[in-house]
There are 6 protein chains.
Amino acid sequence: MIIDAHGHVTAPDKLYVYKSGLISHRGAHGRGSAGATDEDVKRALNEPVFGGSSHLAQLKEVGTDMQLVSPRPYQMMHSEQPKLVNWFMEETNNIIAKQTKLYPNVFRGVCGLPQSPGVSPQNCLAELERCVKQLGFVGCLINPDPGEAGGIATPGLGDRYWYPLYEKLVELDVPGHVHSAGCRSDRLPYSLHFINEESIGVLSLLNSNVFKDFPTLKILVSHGGGAIPYHWARFEASSLRQPGATRFSERMRNIWYDTVIYSSDSLALLIKTVGADRCLFGTERPGVGTVKDPRTGKWLDETRYLIEAFDWLSDAEKKMIFEDNAKKLFKLDTAAPAAA
Amino acid sequence: MIIDAHGHVTAPDKLYVYKSGLISHRGAHGRGSAGATDEDVKRALNEPVFGGSSHLAQLKEVGTDMQLVSPRPYQMMHSEQPKLVNWFMEETNNIIAKQTKLYPNVFRGVCGLPQSPGVSPQNCLAELERCVKQLGFVGCLINPDPGEAGGIATPGLGDRYWYPLYEKLVELDVPGHVHSAGCRSDRLPYSLHFINEESIGVLSLLNSNVFKDFPTLKILVSHGGGAIPYHWARFEASSLRQPGATRFSERMRNIWYDTVIYSSDSLALLIKTVGADRCLFGTERPGVGTVKDPRTGKWLDETRYLIEAFDWLSDAEKKMIFEDNAKKLFKLDTAAPAAA
Amino acid sequence: MIIDAHGHVTAPDKLYVYKSGLISHRGAHGRGSAGATDEDVKRALNEPVFGGSSHLAQLKEVGTDMQLVSPRPYQMMHSEQPKLVNWFMEETNNIIAKQTKLYPNVFRGVCGLPQSPGVSPQNCLAELERCVKQLGFVGCLINPDPGEAGGIATPGLGDRYWYPLYEKLVELDVPGHVHSAGCRSDRLPYSLHFINEESIGVLSLLNSNVFKDFPTLKILVSHGGGAIPYHWARFEASSLRQPGATRFSERMRNIWYDTVIYSSDSLALLIKTVGADRCLFGTERPGVGTVKDPRTGKWLDETRYLIEAFDWLSDAEKKMIFEDNAKKLFKLDTAAPAAA
Amino acid sequence: MIIDAHGHVTAPDKLYVYKSGLISHRGAHGRGSAGATDEDVKRALNEPVFGGSSHLAQLKEVGTDMQLVSPRPYQMMHSEQPKLVNWFMEETNNIIAKQTKLYPNVFRGVCGLPQSPGVSPQNCLAELERCVKQLGFVGCLINPDPGEAGGIATPGLGDRYWYPLYEKLVELDVPGHVHSAGCRSDRLPYSLHFINEESIGVLSLLNSNVFKDFPTLKILVSHGGGAIPYHWARFEASSLRQPGATRFSERMRNIWYDTVIYSSDSLALLIKTVGADRCLFGTERPGVGTVKDPRTGKWLDETRYLIEAFDWLSDAEKKMIFEDNAKKLFKLDTAAPAAA
Amino acid sequence: MIIDAHGHVTAPDKLYVYKSGLISHRGAHGRGSAGATDEDVKRALNEPVFGGSSHLAQLKEVGTDMQLVSPRPYQMMHSEQPKLVNWFMEETNNIIAKQTKLYPNVFRGVCGLPQSPGVSPQNCLAELERCVKQLGFVGCLINPDPGEAGGIATPGLGDRYWYPLYEKLVELDVPGHVHSAGCRSDRLPYSLHFINEESIGVLSLLNSNVFKDFPTLKILVSHGGGAIPYHWARFEASSLRQPGATRFSERMRNIWYDTVIYSSDSLALLIKTVGADRCLFGTERPGVGTVKDPRTGKWLDETRYLIEAFDWLSDAEKKMIFEDNAKKLFKLDTAAPAAA
Amino acid sequence: MIIDAHGHVTAPDKLYVYKSGLISHRGAHGRGSAGATDEDVKRALNEPVFGGSSHLAQLKEVGTDMQLVSPRPYQMMHSEQPKLVNWFMEETNNIIAKQTKLYPNVFRGVCGLPQSPGVSPQNCLAELERCVKQLGFVGCLINPDPGEAGGIATPGLGDRYWYPLYEKLVELDVPGHVHSAGCRSDRLPYSLHFINEESIGVLSLLNSNVFKDFPTLKILVSHGGGAIPYHWARFEASSLRQPGATRFSERMRNIWYDTVIYSSDSLALLIKTVGADRCLFGTERPGVGTVKDPRTGKWLDETRYLIEAFDWLSDAEKKMIFEDNAKKLFKLDTAAPAAA
């Protein structure tokens, strides 16, 4: 079974028309609703997207059996006015919930949180609980920079600022998936901001007391852990200087990594560095990698085949990556839910 | 003939999906395009909107023969990053151009400008020229507060800051339609910000040298001139104190006013105060007034009938308001264009 | 009997010399005092002002029997340092108290509050109590924008921020008179800022829970309610869209309006729109309207005669406007106080 | 003959009523005028002030023959909006001009400049020329901190920022009198801000190239040179460390100092430190020192007698301080002007 | 016996290498340590410095028997990140502690506090207690402007903001030595900022209730009290205007002054103005005054001889200045500590 | 021959004492000098550092024949006041120049530039020319974020902002070595800021016109190119979407990469991804990696042996990495200079 732990919602246009309205009327029209029907949701998943076939077809094409879908991060607009963020996150999560209900064999939901820079994540707990308890979501995104590189800095993920969220995650026994969102800086696109923020997030977490204080906290980091698996030895050096400290490379095994990287050598580096038992298969498909390489005629995000081709991985290890780790981390019941 | 001088585009969803993308990727995906086809544009005009029938049907229902359409002001996002504003304004104007081409008997275009707070309106002249010369637009919106009440103040319309725009309007012989856009303040909704900004705009213009310096400049003010026709005598008092100054009430006749007001007494006040020869019929239909009053069973924006019912207006005066003034101000050729 | 509900103090020069000192030494000279004697106060009221006769004479000329006097709003300098504002407000209120004591048949006091942007109105309650309980004031001004358009925004009048003040007003059973003060923006003069802020204040109040939470709260809005009676139908439209909501036009009757407008048609619009039972006669005389129109030879603020000329108003309704509403709202004992 | 080189205008109340209006209407009432007549000016100089007799009488009481009068510094409000500063400085200078015309044997004018923080002193040259060439002023005040300790820093007096002003002073051959004005900081009163700013000004000037670049520039520093004559050796130490540098104590003789200090020992220190040929008698009377010491029964600002009592000063040196230095520095023609 | 109450540490280079690292890695290398050994500390005190002989030799050369040493103020960097300030202050105090332990006959410690602008001095109490109770320090520096003229203002020393510190000083019965530190402004060097801040500090303290609220609080002001002993009569004038107020000159005797002034006349002024019983001998040697005057061949900071030469001071008064006042204020046990 | 292209100066303590002084007196002591003698410089290079032997010994231990030394980046303090930055950069470069002169067989200099956020790099050209033409440096560091994550953003390396520097580099025919410096953010240490800024720099450069406009510009990126060689395929995807665009992976070969990575797998990934002909051996030794791994008993920065152990690299390729590429890029004359 192939589980793609990192996918983003292909939502009906209505969601973005709704968003466009929100940031224009700024609440003057009231909360309103995207008004997306089941039909809208189905159509969105069955129309061609990202230069390829439909979202559902794209999953089938590469044999993905189940995908965890979360909001499109770059659309989350966490640095906007909190009231608007709240409404938009709820609508987005509602659409994801509809998808998981309409396609119970295919999708599981990972919700977005109404994070706001300068506001305690305490404000996210209600929506997190609603999604997990009422809508059956199996995890949530954590944006380490809700200020979107726009002036208001948020403490690193190792800071006690985040503890209310970690407490709730532990209580609900669902993982947090670290994934930054928009980027207001002119110096870099959001896509690289993802990578940089993941590096910051991983370093901050691993150099903190978070996993001492929350031994059962489950954290998954996107895009192969940012730059850390490539530069880990740089931070190993620092840890070796601290008497009595655990090696950085050992601490790295406190978290999980998804495989959203589109080249074979880099995938190999990731898996060898953190261990197959810490990797979850992920593609973001359809997404940034959904483009065909004219040289090979293949989609960049067909990374399943790259991993399957690794002869230095045992079948058991591959199964971990493709299936077991995700099931364990997200406590997935891959049998379609009866009713929910 | 009934000409509605103040209408806003009913655009395909794709325009707002495009906008939502722009403010999320902030240019990282490139300029791109809303990708709205003629079919999309037609569909948008023929689907039910604003709780009533379609845009085109709504015009017919009240007998509007021609409507001047401009961007939905609250969506213009002038306080966003200039590059994004530019792209979005172009796309919006392009869709309006499509509408005027597809329905040459019904629509004429009034373009939006890529205004930015703190930036000289010099930056708008290229788009204004493109719209007027290449796309056949008959005027433009002027947002007196491109900062959208968000911290960066823009000089009043009487300030020399605006002269590059006035020079171009005079050169092209098209009017500027004063209409503010979004409002970032929590203290008031954009809809009231419109009114307040129109009051500021009118006062600033009339207490300046603009009409001495540009005797042929044509300015139309939205929503019955903000609060000015209600409070004009307050400013008359000031003018009477200045030796040799023209009375404020006389200066008020340097500009035009549209009738986007939804109550009979207020419409009467406007017309009596500024003169029928200074009023242009306008409804914003479909728009804020497109709601049925359960007491009367009528749409609030069916204001045509309110004006027609004024027995103190001659037929000639009514024709001025409904037709002649608009034709003169916008130099409308109401015969459908042959090819453009 | 003619009661002018909206007049401002004609203070001795010493008050403004005092103010000029305060904002220069910024407290280094201590609190000090304007040092205005009864004689100073009398002289100020009996010297020619505003291009006409004296304040007292001007009242007589138009037959005003009683006037409610408050601080000159544009002088209140609420955006200055709180300590200085406090001292200046006290001095101003003290001079008003002297006037009401010296001319008990003519004046009643409406106090200014030491409002400061960013500071809870809690800080105003002591001065309000002092004025009402010790000095016999019958109401207070409320400046909805103590930041004076200068950068620090204050929540709308519908916000809970204002509740401490509303509670005290209800407890003391005196009305708050909404009237903004100075304006630091270069885009508009304070005189138009008054109008815009009144519009914002009315809309914020009427779209809030204030009158549900304080059913006995009494609010009077200056200058005929800003732009709202001219544009009410625009907001009616919004209210009609909200299922179960009270119409905006009905909510408008939760507040009172003064008639400080200087043209007949606008006065008529106001009275017809909100009802004679919601209007209080007011002139600001001597003030902005104290200028003679060379065409008519009349002062603009002789609006008494405009209202008296309305043949569509009954005598009882006129009496409401000129007398009864003010007496009721401010609980005026128009017999001169024995001792106070 | 006793010349008091440092006195401030005792202006009619109308000037401060005018100022109070300016900062309240912020230009909305137009420039207007203080409207002070010759009678007003005379009355102001002949009414009791500062707890003593009238300004003119106070001069006579201590035998002052001539006084150089400038604006009251703490009232100059340089950190206000430039347009308002301009108007107020002109009005203040006009009143001083009236005084010098009405009392040509007693007063000479030292004008205030319309300085603004963040604006080049270039903007002051027109008013300086007007005062010197048209109104017969003999010098000007220089406020080294027009930002009034309120956030906008102004370069030190040794910076090229000030060169346009120095060029004009040299061209007109009049001295600049260093005297700071208001102080917006809560940490210190304006009166101590004077002292601190004078210290900063002297140090900045003397450690710069100003007197190399403008060898004929004439600078008088208020209040005995701030703290510098008390702490000069601290700065001498630094100068001794710089190879080839002129000693600080020698550079100190590039400027002049007034004797506005109210204790005998301090006056002695000043004169001994900088030399009698560098001191100009000054009192600010009536001003801060116009208070009687109950122990001695004398006014603190009767400092003439303190200096006269110095037996270590020759008569010629005393004459320098009381008369000659002022005549030379300000090129005073102490015969009353014929017509001016 | 000659006690120099105002000296600053001559620290090993390692302290400043440590500091340079701190502000560069900003904590990333951890707290670390300057790592200065006893040998380093000794060497620093025995190497030539400030253009003369060694610190210890310089003391001997002028016969100083004991010196109170505190951190070099301009190096204290209070406006840096609090964590870094804390570490650096601790290291600096530790080095001073080493000096006092190594040279128990010569040095006593006055500690620096980890002050931060915008942070209550409550944060300094732990380090103050550590220094006094564990390390035997006899007092502390108080920087009245931890913001270092860099934008964040700190309330004046008379403000209740400082009360937690005053309470602790009273409890520990040690004096606070007012001495500002760095200066980020381009308008003045830190050396003059010292003087200005001392003036502000003295005025704020003496015009407050501090000595009423803390009658046993002991405050020593650096550099002869800033400008106050030169300008005291200016503030005496204000006090004479306040009915019932204690004269400013009497209040001046609530605090102590050190004699860090390098000219005879100024020293005389200080001692005569505040009284010999309020003066503590101080030199800052080696420091700003450690430079030889080529004219006299003497170091500027050999001020001992200037004071000894005052024939108007009795021997008892000189002993007060050189020895008794310091012993009393700092409770000095000038016998070398047995073990500490 | 082994050339280490990335080393940082081991400077005498005096340099950091000098720096500590600069940021404390902020120029008040004048420019001064670190005053480091040849002896100081030699001693610094021959004393144990970073927990190992001396700098020179550490090079020998791993057989490094020549090292390019530049300033310690985290010490460069580019976000400080420009005057101070300038002085410190000059002193640092002077010390490097001394090293290269004293050890002409071992060191070549790469200078630091006095960059300042918000200031055009035009300000760096004089120092760059001085270093290259007068002192024989072979390249310079380029800090892509002179604001040090402290609030002032600098345009990406692809922006025209940098063109003056690129022009000069081309003119002098020396490479720029991209390496960020300090980091004021609390969210990440400077060491990770290096990595993130390198990623931003590479992406900005490769997605710009820089190499079209400057085909001979030579850019070396530190630390294996940040995260880019690990995540290149993510950006390849974007390039494949742009019609006619060169593949990102091809553009990657416009720049050079050093091998400052401390793990074998990551080194392999780098070399395989960008090509051996684009890699320059570098270690930063002594530096972050100079720590012994207790498991292996080896220093982390003995990476020479990791590369030598790659059996998939030919000897010629290894020689490129260790020697040829550096010689070519920096035009190294590895024979010791005769005199320079």
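To find a chain, count down the sequence lines: A is the first, B the second, and so on, and within it residues start at 1. FYI, side chains are in, hydrogens and waters are out, and symmetry mates aren't considered; it's all heavy atoms of this structure. Just so you know, these numbers come straight off a predicted model, no measurement behind them.
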Quick one: side chains of residues 147-158 of chain F, donor-acceptor pairs under 3.5 Å with protein atoms, not counting sequence neighbours, listed by atom name and distance.
{"from": "F:Glu148", "atom 1": "OE1", "to": "F:Ser79", "atom 2": "N", "distance (Å)": "3.4"}
{"from": "F:Glu148", "atom 1": "OE1", "to": "F:Ser79", "atom 2": "OG", "distance (Å)": "2.5"}
{"from": "F:Glu148", "atom 1": "OE2", "to": "F:His78", "atom 2": "N", "distance (Å)": "3.3"}
{"from": "F:Glu148", "atom 1": "OE2", "to": "F:Gly182", "atom 2": "N", "distance (Å)": "3.1"}

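Neither the backbone nor the side chain of F:Leu267 comes within less than 4.5 Å of any heavy atom of chain A. In this structure, no portion of F:Asn207 lies under 4.5 Å from any heavy atom of chain A. When heavy atoms are compared at a cutoff of 4.5 Å, A:Asp186 does not approach chain F at all. Contacts between F:Asp293 and chain A at a heavy-atom distance below 4.5 Å involve backbone atoms as well as side-chain atoms. Within the 4.5 angstrom heavy-atom criterion, no atom of F:Trp299 approaches chain A. Within the 4.5 angstrom heavy-atom criterion, atoms from both the backbone and the side chain of F:Ile200 approach chain A. Neither the backbone nor the side chain of A:His193 comes within less than 4.5 Å of any heavy atom in chain F.
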Exercise for review: Evaluate the side chain to side chain contact (heavy atoms under 4.5 Å, CB included) criterion for residues A:Ser204 and F:Leu188: first the C-alpha distance (whole Å), next the side-chain angles of each, then the deciding distance (0.1 Å), finally the verdict.
Suggested key: CA-CA 7 Å; A:Ser204 179; F:Leu188 74 172; over 6 Å; no
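Of all heavy-atom pairs between A:Ile195 and F:Ala227, the closest is CG2-CB, 3.9 Å. Closest heavy-atom contact between F:Ala237 and A:Gly289: CB-CA, 4.3 Å. F:Leu240 and A:Pro294 make their closest contact through CD2-CD, 3.8 Å (heavy atoms, listed as atom of the first residue, atom of the second, distance).
Of the residues considered (A:Asp145, A:Ile228, A:Asp301), A:Asp145 shows the highest number of contacts with chain F, using heavy-atom pairs under 4.5 Å. Counting heavy-atom pairs closer than 4.5 Å to chain A, the top residue among F:Ser185, F:Gly201, F:Ser199, F:Ala268 is F:Ser199. For chain A, the option among F:Asp159, F:Leu300, F:Val288 with the highest count of heavy-atom pairs below 4.5 Å is F:Val288. Highest contact tally toward chain A, considering only F:Glu284, F:Glu197, F:Glu236, is held by F:Glu197 [criterion: heavy-atom pairs under 4.5 Å]. Ranked by heavy-atom pairs under 4.5 Å with chain F, the list A:Gly51, A:Pro229, A:Pro189 is led by A:Pro229.
In this structure, a donor-acceptor pair under 3.5 Å is present between the side chains of A:Ser191 and F:Arg234.
Looking at residues two or more places apart in sequence or on another chain, you find a ring pair (Phe, Tyr, Trp, His ring centres under 6.0 Å) between A:Phe310 and A:Trp312.
Taking a 6.0 Å sphere around NZ of F:Lys272, one finds it holds more than 12 heavy atoms contributed by other residues, nucleotides or ligands.
To the nearest 0.5 Å, atom CG of residue F:Leu270 and atom CG of residue A:Asp265 are 11.5 Å apart.
Within the 4.5 Å cutoff, the side chain of F:Tyr230 has no heavy atoms near those of the A:His223 side chain. Within the 4.5 Å cutoff, no side-chain heavy atoms of F:His231 are placed close to those of A:Leu192.
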